[in-house]
2 protein chains.
Amino acid sequence: MAFAKKELFDAEMQECADLYKALSHPARLAIMKYLAETKTCITGDISEEIPLGRTTVNQHLAELKSAGLIQGNIEGVKTYYCLDIMKVKKLKEMTGRFFGTVCCDDNCCEN
Amino acid sequence: MAFAKKELFDAEMQECADLYKALSHPARLAIMKYLAETKTCITGDISEEIPLGRTTVNQHLAELKSAGLIQGNIEGVKTYYCLDIMKVKKLKEMTGRFFGTVCCDDNCCEN
DNA sequence: ATTTAATGACGTAAAAATACGTCAAATATA
DNA sequence: TATATTTGACGTATTTTTACGTCATTAAAT
């Protein structure tokens with residue numbers, strides 16, 4: 001009785017919401033930032049940068065990956081993660097559009 | 001055993017994550033957009049614009065409000081909702097900073 | 001060949017989110 | 001005053017998220 005009425009909404013809104021959800025945990029923002037800073041794509045020692053257990057961090061990585069914001073390249077035993085720039089750019093554009101509709105200066109109430 | 005390690009993270013990251021979480025449901029994005037479009041601050045007949053039950057929409061409104069993205073002014077029986085422009089602008093700025101650190105052009109991997 | 005390291009898969013407990021129904025309070029309206 | 005309207009509070013069932021432990025697999029190092 002409590003699920004997935006989300007398809008009832010506009011497709012772009014849906015996609016945008018999903019991406020914001022992917023970014024809605026500080027650990028995932030930290031991962032994104034870390035991956036952006038260490039230009040060389042980084043392996044799962046990301047866990048050492050994040051104050052959470054290894055499996056939990058892995059879970060967050062999986063979420064970012066399923067949202068399409070990062071990629072993981074397997075090389076030997078290690079998996080190298082990196083940002084998916086294209087997706088990040090797409091998000092940036094959608095976000096721009098969102099703020100375009102939402103953030104005009106003469107909106108609302110007693111302001 | 002499964003909660004709130006979120007305080008372990010940077011304050012801005014935390015705040016940013018909370019705001020993205022507020023925007024992580026299409027209904028809430030739709031509400032934001034609707035409030036932005038109907039310049040006059042709008043009452044709970046927002047429910048009629050959103051394909052969800054009245055109480056559910058109310059719940060989403062409460063979430064946006066507790067995130068600080070909208071305000072609700074009570075007038076008689078009715079409650080007039082509107083965007084909190086200041087907060088939206090703050091989010092816009094934080095988002096700008098985020099994309100600043102994350103979205104450089106020569107990042108990562110085989111791109 | 002055996003040990004070590006790195007990872008994802010799987011399971012799980014606790015918590016939060018989602019979607020509603022029902023109810024009561026407050027305010028208009030008849 | 002009685003009735004209708006608008007709303008938030010509260011309760012609840014279901015699903016999803018969060019955080020982690022354990023295990024198995026794969027590959028590298030000894």
Side-chain angles (χ1 to χ4, degrees), chain A residues 1-9 13-14 17-32 35 38 40-67 69-82, chain B residues 1-9 13-14 17-31 35 40-67 69-82:
Chain A
M1 195 198 277
F3 68 137
K5 295 244 167 173
K6 297 181 183 175
E7 330 81 34
L8 298 176
F9 294 88
M13 234 168 225
Q14 167 90 54
D18 285 343
L19 289 172
Y20 288 146
K21 171 169 264 168
L23 297 177
S24 73
H25 193 289
R28 294 196 287 271
L29 287 177
I31 291 171
M32 291 293 284
L35 287 179
T38 64
T40 52
C41 311
I42 294 302
T43 168
D45 56 9
I46 298 167
S47 339
E48 319 232 311
E49 284 293 314
I50 309 283
L52 291 172
R54 212 252 320 156
T55 48
T56 304
V57 170
N58 210 23
Q59 205 169 272
H60 284 302
L61 283 167
E63 258 171 281
L64 285 170
K65 197 170 159 193
S66 102
L69 287 168
I70 67 173
Q71 296 170 6
N73 306 322
I74 299 167
E75 222 166 277
V77 229
K78 303 183 176 180
T79 305
Y80 291 85
Y81 285 101
C82 62
Chain B
M1 197 197 276
F3 68 135
K5 295 245 169 173
K6 296 181 183 174
E7 331 79 34
L8 299 176
F9 294 88
M13 234 167 226
Q14 167 89 55
D18 285 343
L19 288 173
Y20 288 146
K21 169 169 268 169
L23 297 177
S24 72
H25 193 290
R28 294 195 288 269
L29 287 177
I31 290 171
L35 287 180
T40 52
C41 311
I42 294 301
T43 170
D45 57 10
I46 298 166
S47 341
E48 319 232 309
E49 284 292 313
I50 309 284
L52 291 171
R54 213 253 320 158
T55 49
T56 304
V57 171
N58 210 23
Q59 206 169 271
H60 284 302
L61 283 168
E63 258 171 281
L64 286 170
K65 198 170 160 193
S66 101
L69 287 168
I70 68 173
Q71 296 170 7
N73 306 322
I74 300 168
E75 223 166 278
V77 229
K78 303 184 178 181
T79 304
Y80 290 85
Y81 284 102
C82 63

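Note that the structure is a prediction, hence the values are computed from the model and not measured. The sequence lines fix the lettering, A, B, ..., with proteins before strands; numbering per chain opens at 1.
- Aromatic ring pairs are classed by plane angle as parallel below 30°, tilted from 30° to 60° and perpendicular above 60°; the pair B:His25 and B:His60 is tilted.
- Distance CD1 (B:Ile74) to C1' (C:dT27): 12 Å, rounded to an integer number of Å.
- One atom, CG of A:Leu61, and another, C1' of D:dT18, lie 15 Å apart when rounded to the nearest Å.
- B:Leu29 has its CG atom 16 Å from the C1' atom of C:dT18, to the nearest Å.
- The phosphate of C:dT7 has neither OP1 nor OP2 within less than 4.0 Å of any side-chain N or O from A:Asn58.
- At C:dC20, one or more side-chain N or O atoms of B:Thr56 fall inside 4.0 Å of OP1 or OP2 (strictly under the cut-off).
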Nucleotides 24-30 of chain D: protein proximity per nucleotide (B base, S sugar-phosphate only, - neither; heavy atom, under 4.0 Å)
--BSS--
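- Within the 4.5 Å cutoff, the side chain of A:Tyr81 has no heavy atoms near those of the A:Ile31 side chain.
- Considering only side-chain N and O atoms, A:His60 lies nowhere under 4.0 angstrom from the phosphate OP1 or OP2 of D:dT17.
- Atoms OH (A:Tyr81) and P (C:dT7) sit 8 Å apart, rounded to a whole Å.
- Side-chain contact between B:Tyr20 and A:Leu19 is absent, with no heavy atoms from C-beta onward closer than 4.5 Å.
- The side chain of A:Thr79 sits closest to C:dT7 out of D:dT7, D:dA19, C:dT7.
- An OP1 or OP2 oxygen of D:dT7 is reached within less than 4.0 angstrom by no side-chain nitrogen or oxygen of B:Tyr80.
- Annotation: side chain of A:Thr55 is not in contact with side chain of A:Gln59 (no heavy-atom distance under 4.5 Å).
- Scanning atom types as modelled, no donor and acceptor separated by under 3.5 angstrom connect the side chain of B:Gln59 and the base of C:dA17.
- The minimum heavy-atom distance between B:Ile50 and B:Ala30, with the atom names listed, is CD1-CB, 3.7 Å.
- Among the nucleotides D:dT18, C:dA19, D:dC23, the one closest to any side-chain atom of A:Arg54 is D:dC23.
- Here the P atom of nucleotide D:dG8 and the CG atom of B:Leu64 are 13 Å apart, to the nearest Å.
- Within the structure, salt bridge (Lys or Arg N to Asp or Glu O under 4.0 Å) pairs that include any residue of residues 49-58 of chain A do not occur (at least two apart or interchain).
- Whole-Å rounding puts the B:His25 NE2 to C:dT18 P distance at 5 Å.
- One atom, CD of A:Gln14, and another, P of C:dT18, lie 12 Å apart when rounded to the nearest Å.
- Contact check for A:Leu35 versus A:Ile46: side-chain heavy atoms found under the 4.5 Å cut-off.
- Separating the CD1 atom of B:Ile31 from the P atom of C:dT18 is a distance of 11 Å, rounded to the nearest angstrom.
- For A:Leu52, whose side chain is taken as the heavy atoms from C-beta onward, the closest listed nucleotide among C:dA19, D:dA19, C:dT7 is D:dA19.
- Checking the phosphate oxygens (OP1, OP2) of D:dT16, no side-chain nitrogen or oxygen of A:Lys21 falls inside 4.0 Å.
- Heavy atoms only, all atoms of each residue included: A:Leu23 and A:Met32 are closest at CD2-CG, 4.0 Å.
- Across D:dA19, C:dA19, C:dA9, the shortest atom-to-atom separation from the side chain of A:Thr55 is found for C:dA9.
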